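This report concerns only the one structure given below.
From a predicted model like this one, the values you see are computed outputs, not experimental measurements. Side chains included, hydrogens not; waters and symmetry mates left out as well; all remaining heavy atoms used.
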Amino acid sequence: LQEEAFAVRARLLGLSKWKEAITGRSHDLSSIASLLEVLFVRQELWKYCRVFANYEKDWLKIPFKKLDVSVLSQKVGEWLAVCSRLQKSLPPQDPVLEEWKGRLDKLQGRIPLLMQLSSKALRTSHWCTIFATLGEDYDPSVSYTLNNFSLYNIYKHSDIIFEICHDAMQEDRLRVQLSELQKQWESLTLSTVQTPLEHFPFAVEVPRDRGPSPSPSPSPRRPRDKTTTFAIGLSQPSSQTAAESLLSVARP
């Protein structure tokens, strides 16, 4: 079509030169120029439609766990900006542009849910709950895709799935906090403190190393040396048990 338009334009330019030579007036070719501009815009539109179709085909068949939803969101935003630009040069409610924009809007509306589902906080137990909501059985060995999600009508249950994902993220934050707590308790095995002995109800006095005693003869009782004492700090087992018990709550 574009080649035909250029051929017509070339013939009209030739005729216009002859008319101008004979009558002094040339043909008004502004309508041809507008037609060519629309053809250029439509050619660009079809190019973007083909690119989108290829991306969409890949997104639908790739395993969801390998899908980068942030890239998907970025591309959809770029294409919607292209739609707004092309719309200014095309007739109102152009069917091709309207079809493409409709598919982009539909995909953009699903991105918030896909972002939630791509969270690493979701574990097998959460996916089982999500699929139970859909009336399906979850199989961890299956590589689910966006095609599967569409077949299961997952987007119609977005409100419930949002709640499940929110709970999963809360559990994940709790799991991280409890893990840090356990590390802190593990670092408190034994504390060695030089301080007066009477400050510690459970303390063990370790005598200074003064070398071998010359004789086992008894000596008068010496006063307690308050400057060289070592105290046992917090005991680990009870705190560790508490941390492990809390951690078990966060495990699926």
Problem - For Tyr155 against Leu113, the heavy-atom pair lying closest together - result: CD2-CD2, 3.8 Å
Problem - Main-chain N/O of Ile164 paired with Asp167 side-chain donor or acceptor, under 3.5 Å - result: no
Practice task
Examine Ile130 and Met115 and state if one hydrophobic cluster contains both, with Ile, Leu, Val, Met, Phe, Trp and Tyr joined whenever side-chain heavy atoms are less than 4.5 Å apart.
Solution key: yes
Handout entry: Pair Ser150, Asn147: side-chain N/O donor-acceptor within cut-off below 3.5 Å
Key = no
Exercise for the section: Could you please spell out the steps behind the side chain to side chain contact (heavy atoms under 4.5 Å, CB included) verdict for Leu107 and Leu72? Expected result: CA-CA 9 Å; Leu107 188 54; Leu72 186 153; 4.1 Å; yes
Exercise for the section: Evaluate whether atom CD of Glu78 has more than 12 neighbouring non-hydrogen atoms of other residues, nucleotides or ligands under 6.0 angstrom away. Expected result: yes
Practice task
Please identify each residue that fulfils salt bridge (charged side-chain N to carboxylate O under 4.0 Å, His left out) with Asp105, with sequence neighbours left out.
Solution key: Lys101
Exercise for the section: Would you check if Leu114 and Leu146 make a side-chain contact, meaning some heavy-atom pair closer than 4.5 Å? Expected result: yes
Exercise for the section: Answer yes or no: are there more than 12 heavy-atom neighbours, outside Asp137 itself, under 6.0 Å from its atom CG? Expected result: no
Practice task
May I ask you to test the Ser89-Phe40 pair for a side-chain heavy-atom distance under 4.5 Å?
Solution key: no
Handout entry: Heavy-atom closest contact (Leu117 atom, Cys165 atom, distance)
Key = CD2-SG, 4.1 Å
Exercise for the section: Quick one: pull up CD in Gln184 and CD in Gln182 and give me the separation to the nearest 0.5 Å. Expected result: 11.0 Å
Exercise for the section: Measure the spacing between OG of Ser70 and NZ of Lys75 and express it to the nearest 0.5 Å. Expected result: 12.5 Å
Handout entry: Side chain proximity check, Trp46 to Val96, heavy atoms < 4.5 angstrom
Key = yes
Handout entry: Candidate list Met169, Glu163, Gln170, test side chain to side chain contact (heavy atoms under 4.5 Å, CB included), partner His166, passing option
Key = Gln170
Handout entry: Joint hydrophobic cluster, Ile160 plus Ile154, side-chain heavy atoms closer than 4.5 Å
Key = yes
Practice task
Could you name each residue pair satisfying salt bridge (Lys or Arg N to Asp or Glu O under 4.0 Å) that touches residues 82-98, not counting sequence neighbours?
Solution key: Arg42-Asp94, Glu44-Arg85
Problem - Validation row: Gln116, Ile161 side chains within 4.5 angstrom (heavy atoms) - result: no
Exercise for the section: Answer yes or no: is there a side-chain heavy-atom contact under 4.5 Å between Leu80 and Val76? Expected result: yes
Problem - Flag side-chain contact, heavy atom, 4.5 Å: Asn153 against Leu134 - result: no
All N/O donor-acceptor pairs, side-chain side in residues 49-64, below 3.5 Å, sequence neighbours left out:
unit_1, atom_1, unit_2, atom_2, d
Asn54, ND2, Arg50, O, 3.3
Glu56, OE1, Arg103, NH2, 2.3

Exercise for the section: Grab the two heavy atoms, one from Ala121 and one from Asp172, that are nearest each other, plus how far apart they are. Expected result: CB-CB, 3.7 Å
Handout entry: Which atom of Asn148 lies closest to which atom of Ser143, heavy atoms considered
Key = OD1-O, 4.1 Å
Completion exercise
Taking every heavy atom of Pro140 against every heavy atom of Thr124, the minimum-distance pair comes out as CG-CG2, 4.1 Å
Problem - Beyond-backbone contact of Glu171 with His126, side-chain heavy atoms, under 4.5 angstrom - result: yes
Exercise for the section: Just say parallel, tilted or perpendicular for the rings of Phe131 and Tyr144, cut-offs at 30° and 60°. Expected result: tilted
